[in-house]
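Since the model is a prediction, treat every value here as computed from it, not as a measurement. Just so you know, ligand 1 is whichever comes first in the structure, and atom 1 is the first atom listed for that ligand.
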Amino acid sequence: MDERAPESLQQQIEDRLRYYEDLGIRLFYRDRTAATVAASPSHAVPNAVHTSAIQESSLPKPIAKPFFPKAPAAAVPPRIEPLVAPSAPSLFESVNKIKDDTLLKIREDIGDCTRCELHKGRNKIVFGDGNPKAELVFIGEGPGADEDAQGLPFVGRAGKLLTQMIEAMGLQRRDVYICNVVKCRPPENRAPEPDEVTTCSPYLLRQIDVIKPKVIVCLGAVAAKTLLETTRGISQFRGQWLEWRGHKLMATYHPAYLLRNPNAKGEVWKDLQKVMAELGLQPPKKSKSS
Ligand code: URA
């Protein structure tokens, strides 16, 4: 019997697996018990083997919404849930508060950094960019090739999409602050290693302490897991308001993920609408000619 799923289902499964991989989930098993038993009751399934055909209807349906919807932002009451257990040792608690700290001082302290391996392959340190008094800060993972070449965050393909997202919120890039967990490009765009994150995080924390944004948006699992100091998958808290050191924090998908999975744009737009409601923002009015 041909056990392959129909092509459309196959595609959906592949997309979904890529999505889980993006979230850092790499181990899967198939539980066929229910479907196999229902389909062929005469075939006993050994207890040890958990298998089940994936039903098309059981896959979560992507929300296919346009990125620039006409409806105004919905006012969603914030739901604040701390993720870090109070007893857990916090990386951020150990960072000394610097009196009268400024972004300039932080940049000077970073200097021509050689504190971790990432310095070996970098061209430019990507410190951060935007309004030093921004109410909204976006935090990504780490610079890619374009960012490494220009010394600016989110200027490549994912960056262009982030710019569109910001503009869809009725803002310009210069209104917000954009930075990353690590400030040097990881080789071949791999995820930063824990020691690299630990080394660089104090500077990120200082940046946030100086800017004092009302809202932080973590773009992708690396930023979310770093700030929240959690191993929980981003899908467990994406789109929810969380409390982080006195700021409202929301995790959403990384724009690079959206480039590969445009169907997820609707979910991100919903998250950004919550941010807009929190900041009292309205989407820009479309001109008559557009
Ligand atoms: N991806 C990131 O996480 N950060 C950037 O600056 C660019 C791409």
- Task: Say whether A158, considering both its backbone and side-chain N or O atoms, lies within less than 3.5 Å of an N or O atom on ligand 1.
- Result: no

- Query: Would you say P153 and ligand 1 have an N/O pair spaced under 3.5 Å apart?
  - Reply: no

Which ligand 1 atoms are under 4.0 Å away from a heavy-atom of [X]?
| X | value |
| --- | --- |
| E141 | 2 (C), 3 (O) |
| G140 | 3 (O) |
| H254 | 1 (N), 2 (C), 3 (O) |

- Message: Name the residue from L162, D129, I139 that meets the side-chain contact (heavy atoms from CB on, under 4.5 Å) definition with P153.
- Response: D129

- Message: With a sphere of 6.0 Å drawn around CZ of R245, does it hold more than 12 non-hydrogen atoms of other residues, nucleotides or ligands?
- Response: yes

- Message: For the NZ atom on K133, are there more than 12 heavy atoms of other groups (residues, nucleotides or ligands in this structure) within a distance under 6.0 Å?
- Response: no

- re atom 2 (C) of ligand 1, the protein heavy-atom contact at minimum distance is G142 O, 3.1 Å

- Item | Protein contact to atom 4 (N) of ligand 1 [nearest heavy atom, distance to 0.1 Å] | N180 OD1, 2.7 Å

- Message: Using side-chain heavy atoms (C-beta onward) and a distance below 4.5 Å, is P213 in contact with Y177?
- Response: no

- Message: Students often mix this up, so state it plainly: with edges at 30° and 60°, are the rings of H254 and F154 parallel, tilted or perpendicular?
- Response: tilted

- Return each pair, listed once, that meets salt bridge (charged side-chain N to carboxylate O under 4.0 Å, His left out) where at least one residue sits in residues 117-127; pairs must be two or more places apart or across chains. D112-R122, E117-K120

